[in-house]
Structures are given as C-alpha cells and as structure tokens.
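Presented below is the structure to which this report refers.
Because the structure is predicted, anything quoted here is derived from the model rather than measured. Side chains included, hydrogens not; waters and symmetry mates left out as well; all remaining heavy atoms used.
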Amino acid sequence: MENTKPEAWNTPSAPRQENKKVAAGILGILVGALGIHKFYLGYTKEGIIQILLNLLCGLGSLIGLIEGIIYLTKSEEDFYQTYQVGKKGWF
C-alpha cells in the first residue's frame, strides 16, 4: 500500500515552549522598574533585585528599558535559546 502521508508528518518534532519575546520586551520597556518582565520570564530573584535597585537608586527603570530593547531586537530563536532555555538573568 502506498504511503499517503507527506514526509514532514513522519518526523517527530520536539515539544517547544511558547516564545515570550514580545511580551517580555514590552513589559521591560513600559514597567521595567518593577521588574515585571523578569517575573514573566520566571526570574524571581532577579525581579526582586530589580525592584530593590529601583527603590534604592532608581537604576531599575534604566535596566528595564535597556533589557526591553534588547529582547525586542533579538531574533525569536536567539531570545528563546538565551532567556528561556539558557536562563540568562541579566542583559
């Protein structure tokens, strides 16, 4: 009997987590001072540090803005590998 399935159906694909690039980038730019983009990516410790930096010396806002821009300028795959798979907490 002839195989009616295309070749692509025969190759298993690895399950992949949702790419959070755009949401994390926008959160970083808009509310980066509160570290919400860090919490969204699962970096609780870094989010708390960012809140404290903002309260103590105001650097949390600048860090959030820079990180938001970095997130949005990375490619989808590069963001996924760096921040979701590699768990890089800062910049």
Rounded to the nearest 0.5 Å, what's the gap from [atom1] on [X] to [atom2] on [Y]? Could you check?
X   : Y   : atom1 : atom2 : answer
H37 : I26 : NE2   : CD1   : 13.0 Å
K88 : Y43 : NZ    : OH    : 9.5 Å
F39 : Q50 : CZ    : CD    : 9.0 Å
L53 : S61 : CG    : OG    : 10.5 Å
I70 : Y83 : CD1   : OH    : 5.5 Å
L34 : N54 : CG    : CG    : 7.0 Å

With hydrophobic residues grouped by side-chain heavy-atom distances under 4.5 Å, do [X] and [Y] end up in a single group?
X   : Y   : answer
L55 : I48 : yes
I51 : L62 : no
I66 : I63 : yes

Quiz prompt | Whether K21 side chain and K74 backbone form a donor-acceptor pair below 3.5 Å | solution = yes
Quiz prompt | Test side chain to side chain contact (heavy atoms under 4.5 Å, CB included) applied to Y71 and L41, I29, T82, the passing residue | solution = L41
Quiz prompt | Over all atoms of both residues, closest heavy-atom pair of L72 and G25 | solution = CG-CA, 3.9 Å
Exercise. Walk me through it: do K38 and W90 pass the test side chain to side chain contact (heavy atoms under 4.5 Å, CB included)?
Key: CA-CA 9 Å; K38 296 287 190 187; W90 297 100; 3.7 Å; yes
Quiz prompt | Worked check of side chain to side chain donor-acceptor pair (under 3.5 Å) between E77 and Q81 | solution = CA-CA 6 Å; E77 185 62 30; Q81 290 298 325; 3.0 Å; yes
